[in-house]
> 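Okay, handing you the structure first.
Note that this is a predicted model, so its numbers are computed, not measured. Convention: sequence-line order gives letters A, B, ...; per-chain numbering from 1.
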Amino acid sequence: SQQGEEDPQALSIQEGENATMNCSYKTSINNLQWYRQNSGRGLVHLILIRSNEREKHSGRLRVTLDTSKKSSSLLITASRAADTASYFCAAYGSSNTGKLIFGQGTTLQVKP
Amino acid sequence: KAGVTQTPRYLIKTRGQQVTLSCSPISGHRSVSWYQQTPGQGLQFLFEYFSETQRNKGNFPGRFSGRQFSNSRSEMNVSTLELGDSALYLCASSLGGLAGVSSYEQYFGPGTRLTVT
């Protein structure tokens with residue numbers, strides 16, 4: 001079963017625009033992590049937001065977390081062609097299992 | 001610090017053969033997890049090792065096994081390969097801890113692309 005489910009599954013925007021991706025999860029979490037994956041490569045860790053945090057920033061990335069709605073969003077501002085990738089949210093299924101459960105991801109295409 | 005490294009990067013094997021993949025975690029990280037990524041199933045957890053002990057296991061058959069060495073390096077082995085084992089195998093390392101890993105970021109390697117023919 002998936003812990004995180006991303007929406008939309010695919011997103012196509014022009015360079016300079018903002019991109020927003022949403023993630024919903026099923027169970028209580030300690031934290032939620034966002035990853036980027038360029039085609040067929042490894043996952044790059046973007047940001048971790050803890051359950052007691054509501055918003056976190058890292059460069060052009062802004063992540064929000066709403067534990068009451070069991071949802072998170074990733075905003076990429078002023079997108080660049082290099083942001084073209086798949087983005088995944090992931091959370092641990094339950095404390096101490098060490099098992100990160102991923103959603104199916106959002107494929108983002110940024111057109112130059 | 002050097003990142004997570006995985007070898008080999010690409011591998012082609014024949015059905016019935018076995019394969020061993022290697023992962024070197026970030027220096028100081030004691031937890032190593034393995035994931036399988038396929039287009040159909042997405043990213044799925046295989047197992048996690050901490051201090052040479054398998055601490056958690058996903059829902060994969062016994063053909064999938066792993067181990068961790070005293071220097072935290074880890075290997076995973078797949079025996080009697082099937083066509084469906086073709087996938088990107090990703091290793092991730094984390095600081096982890098005796099209390100578990102779920103408070104920590106996991107950092108991934110570039111993966112090993114396994115093709116079974």
> With a 4.5 angstrom heavy-atom cut-off, is it the side chain or the backbone of B:Q37 that approaches chain A, or both, or neither?
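Just its side chain gets close to chain A.
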
> Side-chain heavy atoms under 4.5 Å apart, restricted to Ile/Leu/Val/Met/Phe/Trp/Tyr: what other residues fall into the cluster of B:I12, or is it alone?
none

> Could you tell me which non-hydrogen atom of B:Q41 sits nearest to which non-hydrogen atom of A:Q104, and how far apart they are?
O-OE1, 4.0 Å

> For the residue pair A:Y35 and B:Q106, what are the closest heavy atoms and their distance?
OH-O, 2.8 Å

> Atom CD of residue position A:Q9 - does it have more than 12 heavy atoms of other residues, nucleotides or ligands inside 6.0 Å?
no

> For residues 109-117 of chain B, which side-chain donor-acceptor pairs fall under 3.5 Å, sequence neighbours excluded?
unit_1: B:T112; atom_1: OG1; unit_2: B:P8; atom_2: O; d: 2.5
unit_1: B:T117; atom_1: OG1; unit_2: B:K13; atom_2: O; d: 3.4

> So with a 6.0 Å cut-off around CZ of A:R41, is the heavy-atom count from everything else above 12?
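No, CZ of A:R41 has 12 or fewer neighbouring heavy atoms, counting only those of other groups under 6.0 Å.
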
> How are the rings of A:F102 and B:F108 set to each other: parallel, tilted or perpendicular (split at 30° and 60°)?
perpendicular

> Does A:R80, at its CZ atom, have more than 12 non-hydrogen atoms belonging to other residues, nucleotides or ligands within less than 6.0 Å?
no

> Mind checking the CG-OH spacing from A:L100 to B:Y35? Nearest 0.5 Å is all I need.
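It is 4.0 Å, given to the nearest 0.5 Å.
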
